[in-house]
Structure formats: C-alpha cells, structure tokens
Amino acid sequence: MSTERSAPASGGTPTVIRVLVLATFVVILNETIMINAIPRLMADLEVTERAAQWVSTAFMLTMAAVIPTTGWFLQRVSTRQAYAVAMGVFLAGTALSAVAPSFAVLLLGRVIQAGGTAVMMPLLMTTLMTVVPEQDRGRVMGNVTLAISVAPAMGPVISGLVLQIGSWRWLFVLVLPITAVVTWLGLRQLENVGEPQAGSIDWASVVLAAIGFGGLVFGLSRFESGNLTSPALIVAAGVALIAAFVFRQLRLQRTGTPLLDLRVLRAGTYTKALVLMSVAFMAMLGSMILLPLYLQNLRGLSPLATGLLVMPGGLAMGLLGPTVGRLFDRFGGRLLVLPGSIGIAVALAGFTQISMTMPYWQLIALHVLLMVSLAATFTPVFTLGLGALPQHLYSHGSSMLGTLQQVAAAFGTALVVTVMSSRSTSLVADGTDPVTAHLDGMRLAFLVSATLALIVIVMAVLLPSRAAAPEASDESEIAAPELVKG
C-alpha cells in the first residue's frame, strides 16, 4: 500500500475508514472478550493463574512479533489484499480456538488470531493518515476512538453473559459468523488506497524481532520469589536479540529495505508520543488484568456482574472520543493530554486502596476516571505522533507504535501478575491468610501501575500542542530539525 494520497471530501469520513473501523471493532472485541474469562479457564482447563493470563499475553506477544512486519507488508500489497489476509487468518484462529481440546491448542488458536489482528490497527491508522486531510484528523480519529473503545466496554459484558449460561467456547463460536459477515462486507465495499511497491523482506529481521520481543516478555513473566536466575537470563537474551534487530535495521536503512524504518525516531514529537503511549498501555493493561481477578476471585462477583461493573468506564471512553477529537482540532493536544495523564495516575493510585469492603460505586468511579483520562490522552497522542512524520513513513510509524504498545501491554500484564503472585506467596509463607495475602499483592501491583503513570505525566509535559509539519518533499530522510523543534 503506497502513501499516494486519495482526495476525500473534506468534513466526511471516507468509506475505506468506515470499513476498516468496523473490522477493527470486531477484532478488538475479541481481544478483550477473554480477559473476563481467565478465572473460568483456570477452573475448566485446570491451569494456574500465571498460565491462564497467557491467553492474553500470548495474544499480545504475537502481535508484537508480527506488527514489525506490517510497515513493510502494507507498502507491498493493496488495501484489499491486506484486509483479506488479516481477516482470513483471524477467522482461522477463531475457529481453532472454538474447538480447542486443550489449553495448548487454545493458545495456538489465540496466536493465529493475533496474527490477523496485528495487521488491522496499522492498516487502519496508515490509511487514515493517508486519506484524511490534516484539518479533519482529530475528528476522524475521535470517531475511530468511539468505535474501538466501545468494543472493550462490550467485551467483558458479552463474555459475562455468555459465561453465565454456557461454555467459554461460545465466546469464539459467536464471533465466527460476525467476523465472516464483516469480512464479506469489507471485500465488497473496500477500495484500494494507492499502489503496492515492489520489495523483498528481510527474514533475519523477522526472526530477531519475534524471538527477541517474545523472549523478553516471557522472561519477565517467569520472575517470582525464589526463581530469579533463569528468568533473568531469558530477559538478557531477549534484550540482546532486540539490540541485534535494531542494529540490523540501521544497516538495512543504508544498504536495502529495513523491516522497520527507525528513521521515524528522528521526529522528536513522534518519539515522545511513542514513549507516552507505551507506558500508558503498560499501566492500563495491567489494571485490566487485575480488576476481574479482584472482583471475581476475592469479591465473589459473577463474570456478568464484573462486566457490567466495568462497562460504564469503557462506554464513557468511547462516547468521549468524538468530543476529544473536535477539541484537539480546535485547541491542540496539550489542553487534553496533560489533564488526561494526571487523571490516569490518580485513578491507578485510587485502586491501591481496594479492600474487601470497598463500595462498588467507588470502583466504578475510579474506573470511569481511568477510561475518560485515557480517552483524553490516546486520541491526541496518536494524531500528534503520526502527524509528525512524512507521508512515506506513516506505515512504519504506525507499525512501531503498535509493536511497542503490545510489548508494553504484555510487559505490564506480566509485571503486575508477577508482583501480585510474588507478594501473596511470600505473605502466605509467613502465615498470612490467603485472602488477605492476595489482596495485599493486588494493592502492590496497582501501586506499580500508578508509579508507571508518573512517566506518562512527564512525557505529556514534554509533548507540543501541535506537531511541526514534516518535510514532505524529502522521500529518503526525515526533516529532523523541524520535527524536534515541535
């Protein structure tokens, strides 16, 4: 998919964006629909809490491994081809997960699903930045936020209802026909944006990225009290492979076609946005794992009740998206991002006070504050970051953003579960009753997330209100001086 710009009608959302948003809605709904089912999987498939969270972590790790290839992929195939591959792979993974006879096969199905999902968000973001005029990007990005934020809100409710009356397998069975219809509609209505470019893929880079990022997060997820040496070695190996991947991309930028063009990091505004989004995802996904465990395992709520409790926050985040987009177009990002980043930290700090008697209205209020703050942050930061790049680097910029989001989310998930498990195990060994120990472990994990959110505030202060315009005429190098000035 080249970066040749289509000329959309100003003030409207192009059909290609509407189609891609619908498909992205379906795959994100599927990603979050399993978070609420983790306690059920622990019981039905007889796996531990640490193992069950890999249903989410493996999904994110696969996306982290695949997304680095999408910058190259989206420039080499048409929009319709990219869409067909993504949705076809997602359908195959969903079908396998529905009939999985064991936890291992379920994980394989989720990995295949993730392979398709990994293409959708970079495809949506790259296409949006290509076909939507700059003056309309905030509004359109806000509408995208509306669609992709309602999906996480609906996921826990739908999974709660399904788990109340049936097996977790129905979570996949119900997604299958919806995905098939969306795929069919998309292939009927989707139009190609630009022309594909010729080029070969560097498979060594693919292997280095997949094993490096996967090894890093796998090692982090294995840390626990009394077992430090082996995970530390795995983490060190992952970091070394990621370093080799980076050096290889730098060399390929001079001699060939990099899998992931690191010249996007010369844009100061983009780099700041990248750090902010990664840390925010790390904190957010950690809390999304902890809340269902707290509400179901400690407070005894049903999966449906858990989903209903977190629904207001997700809906608030989605419904606020268009308003945030319009405010960004009018006033810039600083007015939104700074209060939003502070709200994220305050909400996560509030969750460190959870107890067995904490009123549910307080939990709902904290969750709504967290989701609204994320809405005020994500839309402007996405738009600022990608808008700071020249057009020929949009696909690489969205790929790197997606990659680090998934790695950060997986890291955050592994971190909070490890902190929680280590703390509760240590307290139980010292004679504390299991419920109190588990609750204390969750408080410490939320404290870690709140501490990470302080980094989000720092990056929000450093971000400009609007990105400086990139040097569009330069097709080989990014105009670093102008971008850093933003």
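Just so you know, these numbers use all the heavy atoms, side chains as well, and skip hydrogens, waters and symmetry mates.
- Checked by atom type and distance alone, the side chain of Q296 never pairs as donor or acceptor with a backbone atom of L293 at under 3.5 Å.
- When the side-chain hydrogen bond (donor to acceptor under 3.5 Å, both in side chains) test is applied to T377, no partner is found at least two apart in sequence or on another chain.
- At least one side-chain heavy atom of L295 sits less than 4.5 Å from a side-chain heavy atom of Y360.
- Nearest heavy-atom pair, L41 versus L106, reported as atom, atom and distance to 0.1 Å: CD2-CD2, 4.0 Å.
- Looking at S78, its side chain does come within 3.5 Å of a backbone N or O of Q81 through a donor-acceptor pair.
- Shortest non-hydrogen contact noted between V89 and G116 is CG1-N, 3.6 Å.
- Evaluation of the side-chain hydrogen bond (donor to acceptor under 3.5 Å, both in side chains) rule for T183 yields no partner, not counting sequence neighbours.
- Note: D202 CG to T69 OG1 = 12.0 Å, rounded to the nearest 0.5 Å.
- Here I178 contributes atom CD1 and L22 contributes atom CG; the two are 10.5 Å apart, rounded to the nearest 0.5 Å.
- Of all heavy-atom pairs between G333 and P380, the closest is CA-CB, 4.2 Å.
- At a threshold of 4.5 Å between non-hydrogen side-chain atoms, the residues F245 and L260 count as touching.
- At a threshold of 4.5 Å between non-hydrogen side-chain atoms, the residues L454 and V458 do not count as touching.
- Between the side chain of R169 and the main chain of A100, a donor-acceptor pair closer than 3.5 Å is present.
- The shortest side-chain heavy-atom distance between L463 and R334 does not fall under the 4.5 Å cut-off.
- By the side-chain hydrogen bond (donor to acceptor under 3.5 Å, both in side chains) test, Y83 pairs with no residue at all, sequence neighbours left out.
- Legend: ring pair (Phe, Tyr, Trp, His ring centres under 6.0 Å) pairs involving residues 270-292, not counting sequence neighbours, sorted by first then second residue: F281-F378.
- Residues forming a salt bridge (Lys or Arg N to Asp or Glu O under 4.0 Å) with D329 (at least two apart in sequence, or on another chain): none.
- Two residues are said to be in side-chain contact when any heavy atoms from C-beta on lie closer than 4.5 Å; L315 and M371 fail this criterion.
- Counting all heavy atoms, side chain and backbone alike, V119 lies closest to A82 at CG1-O, 4.1 Å.
- Rounding to the nearest 0.5 Å gives a distance of 11.0 Å between CG of L320 and CG of L374.
- Going from atom OG1 of T70 over to atom CG of L259 covers 8.5 Å, rounded to the nearest 0.5 Å.
- For the atom pair CZ of R80 and CG of L187, the computed distance is 5.5 Å after rounding to the nearest 0.5 Å.
- Residue T62 holds its OG1 atom at 9.5 Å from CG of L108, rounded to the nearest 0.5 Å.
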Working for side-chain contact (heavy atoms from CB on, under 4.5 Å), residues L401 and V264: CA-CA 10 Å; L401 193 60; V264 294; over 6 Å; no

Chi angles and distances behind the side-chain contact (heavy atoms from CB on, under 4.5 Å) call for V416, F446: CA-CA 7 Å; V416 297; F446 274 121; over 6 Å; no

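- Of the possible polar contacts, none joining the Q113 side chain to the L91 backbone as a donor-acceptor pair under 3.5 Å is found.
- When all heavy atoms of L252 and S205 are compared, the closest pair comes out as CD1-OG, 3.7 Å.
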Trace of the side-chain contact (heavy atoms from CB on, under 4.5 Å) decision for D261 with Q249: CA-CA 7 Å; D261 198 322; Q249 302 319 294; over 6 Å; no

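- Nearest approach of L389 to A267, heavy atoms of both residues: CD2-CB, 3.9 Å.
- By the side-chain hydrogen bond (donor to acceptor under 3.5 Å, both in side chains) test, S398 pairs with T126, sequence neighbours left out.
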Worked check of side-chain contact (heavy atoms from CB on, under 4.5 Å) between M120 and M87: CA-CA 8 Å; M120 287 308 304; M87 297 305 287; 4.1 Å; yes

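- When side chains are defined from C-beta on, L128 does not count as touching Y394, because their heavy atoms never get closer than 4.5 Å.
- Between F172 and L96 there is no side-chain heavy-atom pair separated by less than 4.5 Å.
- Here the side chains of L404 and M277 are not in contact, with every heavy-atom distance at 4.5 Å or above.
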